[in-house]
Amino acid sequence: MQNKLIDFINRMASADSFDEKWNCLTDSLFDLGFNVVNYTVFPRPGSSENPQFIENFKNNWVEHYTAQEYGPEDALIPHVLNSDVPALMLSVDEQQPLKWSAKGMRLISEAKDAGMERAVGFSHKNSDGLIDGGIAIGTSLMSARDFRAFIENHIALLHAIYSIAYQNLHPECRQRTVGKSLRVSPRQYDLLMALWDGLSNKQIADRLRVSEVTVSFHLRELRKKIGCRQNREIIPRAYSLGLLGSLPKFIG
């Protein structure tokens, strides 16, 4: 198992794009018998309101999950928000370590039909110690007994993999999620990155090939969206929200 972690670290270090990093995570987990059930980002760190699901099963089960509003019924989410102990979910016909509502039990049943019978969930914490998302990985390849044994013996490995992936993936995940939730347009993000580069309004206008009046308009709209009054507050506020991730450009 140690070799798997070393291989994962090396592959992640050599990955350049977000897709390459994501594939590194999913491929490494697949080798261990797991799929990513969901990768959740909270637009506001420390709050589980309006979770955004970055990934789920490849058969589009995530759309069904969201449409059914399973988030509040998913015990994995509130558990990881309040505990450093991994949350375990078993299939509907096995003894559950967590308490579930009737709707939550339906979620488990449908997850089983979608190819995932057992799952383990972790939370993400930012540098301030606030939870800003979570990951759940699941499997249909292990019996309940084997699953519990694997978790007991290799939880440190899974934790290390998700922690490394979090450091590499989460800045862009938050960047995309927060930008979408705040409805920051691509043009406004271009302007934000120009501010990040320290450009003046005139320099921004020259870079974007627009007038300074247009720049002033976009700055005013951007201030409204991220909740600040003065231009000098934009960069600190955008950074705290997660709009300034690891990529140079937001893709909406």
Side-chain angles (χ1 to χ4, degrees), residues 15-23 25 38-56 60 62-63 65-67 69 71 77 81 123-135 165-252:
D16 294 323
S17 68
F18 179 87
D19 288 340
E20 288 177 351
K21 295 174 182 178
W22 182 262
N23 290 336
L25 171 63
N38 58 48
Y39 188 111
T40 310
V41 177
F42 299 133
R44 289 194 302 154
S47 171
S48 59
E49 295 178 359
N50 303 316
Q52 303 293 315
F53 298 96
I54 302 300
E55 180 60 277
N56 210 295
N60 296 321
V62 63
E63 282 81 5
Y65 181 102
T66 305
E69 298 182 347
I77 292 178
L81 291 178
S123 65
H124 303 310
K125 291 184 179 179
N126 63 19
S127 58
D128 296 322
L130 297 175
I131 293 176
D132 57 7
I135 188 172
Y166 167 80
Q167 296 296 328
N168 285 272
L169 295 170
H170 209 65
E172 184 182 346
C173 286
R174 280 199 52 73
Q175 187 178 341
R176 293 181 174 187
T177 300
V178 174
K180 181 179 179 181
S181 67
L182 295 177
R183 298 182 179 179
V184 175
S185 70
R187 173 59 78 188
Q188 288 165 353
Y189 198 82
D190 288 340
L191 186 145
L192 177 61
M193 294 310 299
L195 286 176
W196 179 252
D197 290 338
L199 301 188
S200 65
N201 282 18
K202 184 178 185 310
Q203 290 171 322
I204 294 173
D206 292 340
R207 174 188 283 190
L208 302 184
R209 296 182 179 179
V210 297
S211 69
E212 289 189 56
V213 173
T214 300
V215 170
S216 296
F217 168 78
H218 282 305
L219 282 172
R220 183 170 65 251
E221 292 301 303
L222 185 59
R223 290 197 305 270
K224 290 179 182 178
K225 290 181 178 180
I226 67 175
C228 59
R229 293 185 176 183
Q230 300 181 24
N231 288 346
R232 66 169 183 254
E233 299 172 345
I234 291 177
I235 292 301
R237 177 64 175 164
Y239 183 81
S240 66
L241 289 172
L243 275 170
L244 298 173
S246 59
L247 290 187
K249 190 177 182 65
F250 168 72
I251 302 175

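For reference, positions follow the sequence shown, starting with 1.
Using a 4.5 Å heavy-atom threshold, the side chains of L25 and N168 count as separate. For the pair I234 and L222, the minimum side-chain heavy-atom distance is below 4.5 Å. Between D197 and R207, the closest side-chain pair of non-hydrogen atoms falls below 4.5 Å. Side-chain atoms of N201 and L219, non-hydrogen and from C-beta on, do get closer than 4.5 Å to each other.
Between the CG atom in D132 and the OH atom in Y166 there is a gap of 3.5 Å [rounded to 0.5 Å]. For the atom pair M193 CE and L199 CG, the distance stands at 10.5 Å (nearest 0.5 Å). Rounding to the nearest 0.5 angstrom, the gap separating the CG atom in L191 from the OG1 atom in T214 is 10.5 Å. For the atom pair S200 OG and L195 CG, the distance stands at 10.0 Å (nearest 0.5 Å).
Listed here is the closest heavy atom pair of A194 and I204: CB-CG1, 3.6 Å. Here the closest non-hydrogen pair linking K21 and D16 is CE-O, 3.9 Å.
With Q188 contributing its side chain and V184 its backbone, the two residues share no donor-acceptor pair below 3.5 Å. In this structure, the side chain of R237 does not engage the main chain of C228 through any donor-acceptor pair within 3.5 Å.
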